[in-house]
Amino acid sequence: RESMEVVISKGAGDEVNVGNTDSDWDQSKLDGWWSAYRAINSIFADIMSMMLRPNDMIWIHDYHLTLLPKMIHDAEIEETGKRTVEMIYFLHIPFPTSQVFRELEHGEAILEGMLHADVVGFHAFDHARHFLNASKRILGLTYESLVGGLIGVRYRRKKVLVTVSNVSIEPDIIDAALELPSVTEGTKALKAKHAGRQIITGVDIAQRLSGVFLKLLGYERLLHDYPVWQTKVVMIQRCLVPGTRHADEADTLKEVRALVNRIKTKFGADVIDYEEVICSALPIDQRLSLWSASDVLSVTPVREGFNTVPLEYVYSRKEPAVPGVVLTSEFSAINSILNGALRINPYDIQMAVTFMDKALTMSIEEKEARRSRDIEFVSSCPSGMWTRNVLRDLRDATSGTNADGTKNVCEEAAARMESVDEAAAILSMNSLEFPPLNIDAVTRAYKSASQRVLVIDFNGTLVMKEPPGKYLKREMLGTTGNKPPEIVLKALADLCQDPKNTVLVVSGDTQKNLEDALGNVPGLGLAHSNGACYSVPLPGETQREWLSYDLGVDWEAVKKTALPILSKYTARTNGSFVKLTHSSIGWTYYSCDPEWGALQASYLVPELERELSAFDVRFVTLKGVVEVVPRKLNKGLVVKKILEEVAGTTGGKPVDFILCMGDDVSDEKMFTSVFSFIAESNAPLQMYPFLCWLRQRLHRRERQPSAT
């Protein structure tokens, strides 16, 4: 292995000899390293102490300077006798588990250095959790949840705020770079070089943690298991060699070169375009040429901090460009940010092959749906926005917190979330007790009826919800953008053609999504935003007229009050987003770490309740979503309205057949409205109401209807 001697100079006659930088993890040999590390931090502390004035603010970045907050603190105390400088420390790499961190001889000093900051920031909750556990197990510190969904660590009679936030790319810079002639020419050259093939691109540091070797193993298996791709795909792989870890880079390149040669020998030179580049990052025009030419970006490290490459790729493929697909590792920080990416375990080669094939065969509709879930964050969170969010957290950390108030809000929030989970569990048990739907009985009743009303939920009933994956991440969040299968659309059209039928589909989705999915079915009634707006076309009508309820709420005023609060929680919660419909405001955290998302939700609800107490609204808290809706609004409102309208406009013919179908707790009100309509109307003796609950089986992707 290559060896080198490193000497760090702190000034005239003051040098620290690091010694040989090769290591076999015998920490007794690393005293020179630690001395050099302290020396570097001390140099920064000396210079900063001369520059800082009372009440100044300093933001310290990354693992190179973990000791700096304590050194600045000690210097100010020594000079003035008190601490006035406010400090933020942000770590951009993964923080190791407490079991690994405890093995460091100087781990305690590193923790104490970081904890002298007022705010300690991370890019992923996993990293923050590891830091909190290390502080607890090594230093014996306790941490607590604070009002606003923040976490505080008690250290030396002060509260250190631990926060999680992310920065995106600079859209203005990318937009300008995309106009460069070198980008256009580079894109054309790559497409011409690999004409007739789809392009998978990867740009990675040539170090073991980047997972390049595992990525290439998956690509090799793809070509072996799916021979059709051997003439239809190429992988462009660029390995960057920064020269910072000589032994690691040499070993990694040796393995990668051997595997590249093996792939070329087996499948031909045209299946892979491999180059090594001596640098730590490709120039922006070369990167954008690669992104513009490629169909799939594969970034699959086995361990990684924050990497903006996938964000850059998503933005470079914004409209009107054709969207691409991002393959990312579940061990990367970007995994908790990009909701539209395909997530893989790079160690699971077969899983990697499956998702590479899925990315290459993905429909344009799904690509667009995935892009739409990420493009807003990627486009709207540049460094300026991120800086403001972190500075806001600093203000929260240094402004003080009422202890009694904190405790009461915590207990209230915890009790609320517990009751929600309890209600969901009871509902789940009750649904299992419903008798299976008797299809023959429904058929007989349907044929004998003269006036029928069919009310069908959309999400989870007509369109199957995707099963939750890790951290409740969904391949498609809920069902947004999905359409029912053709057989379902045909069945709806056939039902609507029968003059005895009134068919209504009720959804919690937006008008646009519902119309895109079902708007072309003639005669089909639609209700979006959980029934806030509805449209029941009359015979012969081609244009839909949408009607809405006056629910007694100034919704613009509600949004003006709620959206700033929601934007604060969204900035702190990776993977969350705000969804607006006609009469609801939803905060969705399906794609977040479950512990962090639930914690944020538990504080969001009481904060919204306090700020919206003057409005007649209620809060729906289900797994993965918090929703603000008018108190009077529920799906049952539109169901009862339609039943009454049908009963009043059929020339005296009573409604004698009702089929109401749903799949979750939000559909319970539809069932209640059916019972209410029957009780309040002069229902005929031969009334056939069927309330059907669809539940998904645990081990097979099929649904079992139950009914009362």
Side-chain angles (χ1 to χ4, degrees), residues 451-459 461-463 479-484 488-556 558-559 579-586 627 629-655 657-662 666-667 669-670 673-674 676-677 681:
Q451 192 62 45
R452 316 180 190 103
V453 175
L454 296 87
V455 180
I456 309 170
D457 169 59
F458 181 67
N459 303 329
T461 305
L462 287 179
V463 175
T479 56
T480 299
N482 275 6
K483 295 183 179 180
V488 174
L489 293 174
K490 185 178 184 307
L492 288 173
D494 290 344
L495 288 170
C496 293
Q497 287 179 1
D498 191 327
K500 297 180 180 179
N501 293 342
T502 299
V503 185
L504 176 72
V505 174
V506 185
S507 172
D509 216 330
T510 63
Q511 176 179 329
K512 181 180 184 304
N513 287 336
L514 191 59
E515 283 192 317
D516 287 346
L518 297 172
N520 292 328
V521 179
L524 178 64
L526 300 177
H528 67 80
S529 305
N530 289 318
C533 297
Y534 66 97
S535 168
V536 183
L538 298 175
E541 284 188 343
T542 57
Q543 286 287 88
R544 288 188 175 275
E545 179 185 359
W546 287 94
L547 306 174
S548 61
Y549 294 98
D550 180 5
L551 300 169
V553 179
D554 183 351
W555 200 244
E556 290 302 316
V558 171
K559 288 195 291 186
K579 181 178 179 181
L580 300 176
T581 67
H582 180 275
S583 298
S584 71
I585 306 171
E627 195 171 21
V629 297
R631 190 177 302 277
K632 298 177 182 178
L633 177 64
N634 59 71
K635 289 183 179 179
L637 193 66
V638 69
V639 172
K640 190 172 182 182
K641 176 75 172 176
I642 295 301
L643 286 170
E644 290 174 347
E645 285 189 0
V646 172
T649 58
T650 54
K653 287 185 180 179
V655 176
F657 177 93
I658 302 173
L659 175 64
C660 186
M661 305 176 71
S666 66
D667 302 322
K669 291 293 186 179
M670 297 199 306
S673 291
V674 173
S676 175
F677 169 77
S681 63

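Just so it is clear, the values below take in all heavy atoms, side chains as well, and ignore hydrogens, waters and symmetry mates.
- Of the possible donor and acceptor atoms, none in the side chain of N513 sits under 3.5 Å from a partner among the backbone N and O of D516.
- Put simply, the residue from L454, L462, T461, V521 that forms a side-chain contact (heavy atoms from CB on, under 4.5 Å) with V505 is L462.
- Of the inter-residue distances, the one linking L551 atom CG with L633 atom CG reads 5.5 Å to the nearest 0.5 angstrom.
- Rounding to the nearest 0.5 Å places CG of N520 at 12.5 Å from CG of L492.
- Interatomic distance, F458 CZ to L514 CG, rounded to the nearest 0.5 Å: 6.0 Å.
- Residues K669 and V638 have side chains not in contact (no heavy-atom distance under 4.5 Å, counting atoms from C-beta outward).
- Once rounded to the nearest 0.5 Å, the distance linking CG of L504 with CG of L643 reads 9.0 Å.
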Q. Run the side chain to side chain contact (heavy atoms under 4.5 Å, CB included) check on K500 and F657 step by step: do they pass?
A. CA-CA 10 Å; K500 297 180 180 179; F657 177 93; over 6 Å; no

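- With hydrogens and angles disregarded, no donor-acceptor distance shorter than 3.5 Å links the side chain of N501 to the backbone of V503.
- Side-chain contact check for T510 versus L580: every heavy-atom pair is 4.5 Å or farther apart.
- Ring centroid separation for the pair W546 and H528 comes in under the 6.0 Å cut-off.
- Remark: K490 pairs with D494 by the salt bridge (Lys or Arg N to Asp or Glu O under 4.0 Å) rule, at least two apart or across chains.
- With a 4.5 Å cut-off on side-chain heavy atoms, Y534 and V506 do not count as touching.
- With hydrogens and angles ignored, the 3.5 Å screen pairs a side-chain donor or acceptor of S673 with a backbone N or O of G636.
- Residues T502 and E645 form no side-chain contact, since every pair of their non-hydrogen atoms from C-beta on lies 4.5 Å or further apart.
- Summarising the geometry of K641 relative to Y549, their closest heavy-atom pair is CB-OH, 3.1 Å, with the distance given to 0.1 Å.
- Taking the charged nitrogens against the carboxylate oxygens, K632 and D550 have no contact shorter than 4.0 Å, which rules out a salt bridge.
- To the nearest 0.5 Å, atoms CE (M670) and CG (N530) are separated by 10.0 Å.
- The shortest non-hydrogen separation linking G508 to K635 is N-CE, 4.4 Å.
- When all heavy atoms of D457 and G662 are compared, the pair lying nearest together is CB-CA, 3.8 Å.
- Between S676 and K640, some side-chain heavy-atom pair lies under the 4.5 Å cut-off.
- The CG atom of L547 sits 8.5 Å away from atom SG of C533, with the distance rounded to the nearest 0.5 Å.
- Taking the side chain as every heavy atom from C-beta outward, V674 and V639 approach each other to under 4.5 Å.
- Counting only distance, with no hydrogens or angles, the side chain of S583 and the backbone of A532 share no donor-acceptor pair below 3.5 Å.
- Across all non-hydrogen atoms, the minimal contact from W555 to T581 is NE1-O, 4.3 Å.
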